[in-house]
Every structure is written in C-alpha cells, then in structure tokens.
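Notes follow the structure.
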Amino acid sequence: MRIAIAGGHGKVARRLTRRLTARGDDVLALVRNRDHVPDVESDGATGAVVDLEHSDLDTVAQAITGADAVVFAAGAGPGSGAARKDTMDRAGAVLLADAAYVAGVRRYLLVSSMGVDRPDDAHDDVFRAYLRAKAAAEEAVRERDLDWTVLRPGALTDDPGTGRVRLARRVERGSVPRDDVAAVLVALLDEASTIGLTLELVAGEDLVDAAVRAAGRGEPGDGSADAVVR
Ligand SMILES: NC(=O)c1ccc[n+]([C@@H]2O[C@H](COP(=O)([O-])OP(=O)(O)OC[C@H]3O[C@@H](n4cnc5c(N)ncnc54)[C@H](OP(=O)(O)O)[C@@H]3O)[C@@H](O)[C@H]2O)c1
C-alpha cells in the first residue's frame with residue numbers, strides 16, 4: 001500500500017510511518033518544514049513539503065496522487081491559539097479530504113479526539129475551540145464521498161505501546177500511548193469493515209487487531225480481552 005500522512009513529522013505520524021515501512025508499505029510523509037524531510041526519510045518515508053494552511057487544493061491533490069489512503073495526523077499543537085485550531089485542525093483536515101476526492105484516493109483516516117461531542121466540558125477557550133474544530137472536521141469528512149474512518153483517541157502519552165486497547169463507538173475517558181494509536185491506525189487501514197465508523201480509543205485489554213475487527217463487526221467492545229480474542 002502507499003499511504004500519505006499529513007502532519008508527517010508529528011509524534012503519532014512518525015510512529016505510524018515506522019510501523020508501515022517496517023512491513024513494506026510506501027509512506028509519503030507530508031511535512032510543512034523542509035528541515036524535517038531527513039527525519040521522515042530516516043523512518044523510511046518519502047518526504048514532501050506541503051503546508052496545509054498555505055496550500056491550494058490542486059497542490060495537495062497532486063502531492064497525494066497515487067496513494068491508496070491518506071491519514072490526517074496533523075494538528076496545530078499545544079501553544080497554538082483558537083485561530084489555528086480553525087485553520088489547521090478543521091480546515092487542514094477538510095482540505096486533505098477534498099484533495100483526496102480530487103486525487104481519487106478513497107480511504108481517509110481522520111485522527112480526531114475524544115470529547116469533540118462535549119466541547120463545553122473543555123477547561124479553557126482554546127481547548128473548546130480545538131474540540132469544535134475537530135467536530136467540524138469530522139462532520140465535513142463524513143459528508144465527503146470517501147471511505148472514511150474517524151478515530152478519536154483519548155489523551156495521548158509517550159509511554160511505550162502495550163498492543164492492547166479499548167476501541168468502540170463509545171468508551172470511558174482515558175489516555176492512550178501514541179504507539180498504540182499508530183498500531184490501531186495500521187489495523188484500520190487493513191480493515192475495510194471500519195469504513196464509515198467513528199471510534200473512540202483508550203488504553204485497554206484487547207489486542208489491537210482483534211479490537212479493530214470487533215469494532216468493524218459493530219461489537220460493543222466491553223473491554224474484556226476474552227470477548228474479542230477468539
Ligand atoms: N495531544 C493529545 O492528547 C491528543 C488527543 C487526541 C487527539 N490528538 C490529535 O492527534 C493527532 C496527532 O497528535 P500528535 O501528538 O502526534 O501531534 P504533533 O506531534 O503535534 O504533530 C502534529 C504535526 O502537524 C504538523 N502541522 C502543524 N501545522 C501544519 C500545517 N499547517 N501543515 C501541515 N502540517 C502541520 C506539525 O508540524 P511541525 O512539526 O512543523 O509543527 C506536526 O508535525 C493530532 O491531530 C492531535 O490533534 C491529540
């Protein structure tokens with residue numbers, strides 16, 4: 001498979017790249033800073049400089065032409081204000097979706113966030129703007145004629161991955177290692193039954209591949225390892 005990853009120099013993205021290239025997939029890492037190209041190339045990807053807040057539709061579509069799937073793993077990040085939550089977290093994801101449609105890349109994975117359906121629980125205005133931007137991105141992606149899956153991780157950590165998660169349409173709040181988010185994204189790329197699903201993700205007891213298959217079958221994901229390892 002050839003997979004284009006937006007936000008290619010991000011922490012989840014680089015873990016995803018390394019997993020994909022290790023198993024023989026081609027990765028096109030879209031980065032906004034030319035100086036980041038050597039890093040993504042050291043992970044085995046091909047780097048391309050594409051700033052999603054300062055590129056037009058044709059440029060992005062051209063960059064991803066030939067990919068089998070795109071993953072939106074970009075984000076304005078901590079320290080950015082409400083305005084960039086809109087230009088990056090919302091509009092960047094929508095631009096990538098429109099570019100995927102134009103380029104004929106049907107599969108689209110959107111890394112969103114838990115809590116997007118409860119923006120008023122946010123502890124400050126910027127976080128509220130982030131959750132609203134992610135919610136708007138989700139809505140726009142669902143409206144596109146694409147084979148989308150929305151993944152809503154809980155709070156991300158840099159802890160080592162465990163290979164075990166809790167993945168379902170609705171899960172209790174929690175955190176999840178970025179390593180395990182990357183593992184779930186790989187499994188989602190392989191599992192067409194998850195097309196059209198919005199899935200929440202936290203650390204848990206279920207093996208990643210089994211959890212993704214169970215989610216694709218519409219099983220509730222009760223967190224019991226025995227429920228899915230069969
Ligand atoms: N942090 C959390 O707890 C949490 C929870 C749930 C979901 N998420 C979401 O999970 C995803 C991955 O998170 P992460 O921690 O891996 O993020 P990250 O390390 O902050 O990576 C985000 C990447 O997006 C890139 N980016 C920023 N603006 C861009 C632009 N205009 N055009 C292209 N790329 C741009 C950044 O580039 P530079 O390196 O040049 O800045 C960075 O490499 C994000 O969508 C995030 O919102 C985060």
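Every value quoted in this text rests on a predicted model; they were computed, and no experiment measured them. Starting from 1, each residue takes its place in the sequence as its number. Just the heavy atoms: all of them, side chains too, but no hydrogens, waters or symmetry mates, feed the values below.
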Checklist entry - Are E138 and K134 within salt-bridge range, i.e. N to O under 4.0 Å? => result no
Next on the checklist: Using only atom types and a distance under 3.5 Å, with no angle test, would you say the side chain of T21 pairs donor to acceptor with the backbone of T17?
Outcome noted: yes
Next on the checklist: Applying side-chain contact (heavy atoms from CB on, under 4.5 Å) to R15 and D158, what does each step give before you reach the verdict?
Outcome noted: CA-CA 11 Å; R15 288 163 169 81; D158 289 334; 3.6 Å; yes
Checklist entry - Hey, is CD on E41 packed in by over 12 heavy atoms from elsewhere, all under 6.0 Å? => result yes
Next on the checklist: Quick one, V37 with V31, criterion side-chain contact (heavy atoms from CB on, under 4.5 Å). Give me CA distance, side-chain angles, the key distance, then yes/no.
Outcome noted: CA-CA 7 Å; V37 169; V31 299; 3.9 Å; yes
Item to check | CG on D147 to CD1 on I195, rounded to 0.5 Å | outcome: 4.0 Å
Side-chain donor/acceptor pairs under 3.5 Å, residues 180-187, sequence neighbours excluded:
residue	atom	partner	partner atom	Å
D180	OD1	T162	N	3.1
D180	OD1	G163	N	2.9
D180	OD2	T162	N	3.0
D180	OD2	T162	OG1	3.3

Checklist entry - Sequence neighbours excluded, which residues qualify as side chain to side chain donor-acceptor pair (under 3.5 Å) partners of S193? => result E191
Item to check | side-chain contact (heavy atoms from CB on, under 4.5 Å) between R23 and M1, intermediate numbers included | outcome: CA-CA 10 Å; R23 69 177 203 169; M1 259 198 293; 3.4 Å; yes
Checklist entry - Between V111 and P153, what is the shortest heavy-atom contact and its length? => result CG1-CG, 4.0 Å
Item to check | Between CG on residue L151 and OG1 on residue T194, distance to nearest 0.5 Å | outcome: 9.5 Å
Please list, one pair per line, the donor and acceptor atoms closer than 3.5 Å that link side chains of residues 125-133 to other protein atoms, with sequence neighbours excluded.
residue	atom	partner	partner atom	Å
D125	OD1	R128	NH1	2.7
R128	NH2	A122	O	3.3
R132	NH2	D120	OD1	3.0

Checklist entry - Side chains of I3 and L189: does their closest heavy-atom pair fall under 4.5 Å? => result yes
Next on the checklist: Are L109 and L199 linked, directly or through intermediate hydrophobic residues, by side-chain heavy-atom contacts shorter than 4.5 Å (ILVMFWY only)?
Outcome noted: yes
Item to check | L30: hydrophobic cluster co-members (side-chain, 4.5 Å) | outcome: L28, V50, L52, L57, V60, I64, V70, F72, M88, L95, L96, Y101, V102, V105, Y108, L110, V141, L146, W148, V150
Item to check | Separation between CG of D206 and CG of L167, rounded to the nearest 0.5 Å | outcome: 8.5 Å
Next on the checklist: Please determine whether side-chain contact (heavy atoms from CB on, under 4.5 Å) holds for the pair D25 and R2, giving the CA-CA distance in whole Å, both sets of side-chain angles, and the decisive distance to 0.1 Å.
Outcome noted: CA-CA 6 Å; D25 289 321; R2 183 167 171 79; over 6 Å; no
Checklist outcome for this item: Note: R144 and D98 closest approach over all heavy atoms is NE-OD1, 2.6 Å
Next on the checklist: Hydrophobic cluster membership, with links at side-chain heavy-atom distances under 4.5 Å among I/L/V/M/F/W/Y: are V40 and V12 in one?
Outcome noted: no
Item to check | Which atom of T157 lies closest to which atom of S175, heavy atoms considered | outcome: CG2-CB, 3.9 Å
Item to check | Intermediate values then yes/no, side-chain hydrogen bond (donor to acceptor under 3.5 Å, both in side chains), T149 and R107 | outcome: CA-CA 8 Å; T149 301; R107 190 77 173 108; 2.8 Å; yes
Checklist entry - Do H36 and R14 touch side chain to side chain, with heavy atoms closer than 4.5 Å? => result no
Next on the checklist: Applying side-chain hydrogen bond (donor to acceptor under 3.5 Å, both in side chains) to H9 and D39, what does each step give before you reach the verdict?
Outcome noted: CA-CA 8 Å; H9 194 258; D39 287 341; 2.8 Å; yes
Item to check | Non-hydrogen atoms of A61 and T65 that approach each other most closely | outcome: O-OG1, 2.7 Å
Checklist entry - Between D145 and R106, which heavy-atom pair has the shortest distance, and what is it? => result OD1-NH2, 3.0 Å
Checklist entry - Which atoms form the tightest heavy-atom contact between A13 and I5, and what is the distance? => result CB-CG2, 3.7 Å
Item to check | Summary of salt bridge (charged side-chain N to carboxylate O under 4.0 Å, His left out) pairs that have at least one residue in residues 192-202, sequence neighbours excluded | outcome: R152-E200, R170-E200
Item to check | salt bridge (charged side-chain N to carboxylate O under 4.0 Å, His left out) partners of residues 46-66, not counting sequence neighbours, each pair once | outcome: E53-R84
Item to check | Any donor-acceptor N/O pair, N33 side chain to D35 backbone, under 3.5 Å | outcome: yes
Item to check | CZ-NZ distance between R90 and K85, expressed to the nearest 0.5 angstrom | outcome: 14.0 Å
